[in-house]
Amino acid sequence: MNTTTSTLAAFTLACSLLTPALAQNHADHASHGSAAPAPASAPAAAATAEAVMTAGEITRVDKRASKLTIRHEDIKNLDMPAMTMVFGLKDSTQVAQFNPGDKVRFHVQDEGGSLTITRIERAE
C-alpha cells in the first residue's frame with residue numbers, strides 16, 4: 001500500500017471513530033437562552049425554573065449509561081426548540097423505570113455543560 005492510500009485509510013478510520021463521540025455532545029444546546037442569566041438573588045425565578053416540566057416520549061433507554069433518548073417539546077427553561085436528544089439522569093436508579101414509547105414529563109438542567117434530567121415522571 002502506498003503512502004497516500006495509507007494516509008487516506010487512517011484519516012477515514014479516525015473520522016469514523018470520532019463521529020459518534022461528536023454526535024453525543026449536547027453541551028452546545030445548553031447555551032440556548034443563556035444571553036442573560038438570572039441573578040443569584042432571584043429565588044422566585046429559580047423556583048419557577050424548577051417547576052418547568054417538558055413533555056416528551058422516550059425513544060431509547062441506555063441502562064448501562066443511565067441515559068434516556070427523548071423526543072421532546074420545547075424546553076422552556078433552556079429556551080431550546082423541540083428535538084430528539086440524549087439526556088443523563090441525576091438519579092441513575094430511575095433508568096429501570098422507563099421503556100421506549102413511554103410518555104413522560106421531565107425537568108432538565110445544565111449542570112456544568114451537561115444536560116441532566118433532575119426530575120422525571122410518567123405523563124398522565
Side-chain angles (χ1 to χ4, degrees):
M1 209 166 21
N2 65 33
T3 305
T4 304
T5 305
S6 297
T7 303
L8 183 58
F11 179 74
T12 303
L13 177 62
C15 287
S16 67
L17 294 174
L18 184 60
T19 301
L22 293 175
Q24 294 299 317
N25 183 4
H26 299 295
D28 295 337
H29 297 294
S31 65
H32 290 281
S34 64
S41 63
T48 303
E50 184 62 36
V52 174
M53 298 291 277
T54 303
E57 180 180 350
I58 296 174
T59 60
R60 183 171 180 257
V61 176
D62 183 347
K63 292 184 181 185
R64 290 190 340 172
S66 297
K67 294 186 177 191
L68 299 174
T69 303
I70 302 176
R71 182 174 42 244
H72 63 79
E73 295 179 355
D74 293 350
I75 300 177
K76 305 278 190 224
N77 62 305
L78 297 178
D79 193 26
M80 185 180 298
M83 64 180 80
T84 301
M85 294 180 61
V86 178
F87 297 99
L89 288 162
K90 187 167 191 143
D91 179 1
S92 61
T93 62
Q94 290 182 309
V95 74
Q97 300 171 17
F98 298 101
N99 296 300
D102 288 348
K103 306 269 193 244
V104 294
R105 290 175 14 96
F106 65 100
H107 179 77
V108 64
Q109 289 182 253
D110 177 5
E111 296 188 346
S114 178
L115 298 180
T116 303
I117 294 174
T118 58
R119 183 174 167 201
I120 187 167
E121 60 191 36
R122 290 189 193 282
E124 296 179 12

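These numbers were taken from a predicted model, which means no experiment stands behind them.
- Under the rule for a side chain to side chain donor-acceptor pair (under 3.5 Å), Lys63 has no partner lying at least two apart in sequence or in another chain.
- At a threshold of 4.5 Å between non-hydrogen side-chain atoms, the residues Lys90 and Gln109 do not count as touching.
- Here CZ of Phe87 is found 9.5 Å from CG of Leu68. Values are rounded to the nearest 0.5 Å.
- Counting only residues at least two apart or on different chains, no ring-ring contact (aromatic ring centres under 6.0 Å, His included) pair has a member in residues 52-71.
- Checked by atom type and distance alone, the side chain of Arg119 never pairs as donor or acceptor with a backbone atom of Met53 at under 3.5 Å.
- Remark: His107 NE2 to Thr118 OG1 distance equals 4.0 Å, nearest 0.5 Å.
- The two residues Thr59 and Ile70 have their closest heavy-atom pair at OG1-N, 4.3 Å.
- Side chain of Asp74 to backbone of Pro81: no donor-acceptor contact under 3.5 angstrom is found.
- Considering every non-hydrogen atom in both Thr69 and Val86, the closest pair reads OG1-CG2, 3.5 Å.
- The two atoms that bring Lys76 and Val52 nearest to each other are CB-CG1, 4.0 Å, heavy atoms only.
- One distance of note links CD of Gln94 with CD1 of Ile117; it measures 8.5 Å at 0.5 Å rounding.
- Summarising the geometry, atom CD1 belonging to Ile58 is positioned 10.5 Å from atom NZ belonging to Lys103; distances are rounded to the nearest 0.5 Å.
- Across every non-hydrogen atom of Phe106 and Ile120, the tightest pair is CB-CG1, 3.9 Å.
- Between the side chain of Asp102 and the main chain of Arg122, no donor-acceptor pair closer than 3.5 Å is present.
- Here Thr84 contributes atom OG1 and Glu57 contributes atom CD; the two are 9.5 Å apart, rounded to the nearest 0.5 Å.
- In this structure, the side chains of His72 and Val108 stay at 4.5 Å or more apart for every pair of heavy atoms.
- Between atom CD1 of residue Ile75 and atom CE of residue Met85 there is a gap of 6.0 Å, rounded to the nearest 0.5 Å.
- The nearest pair of heavy atoms linking Lys67 to Gly88 is CG-CA, 4.1 Å.
- Shown here are the side chain to side chain donor-acceptor pair (under 3.5 Å) partners of Asp91, two or more places apart in sequence or in another chain: Thr93.
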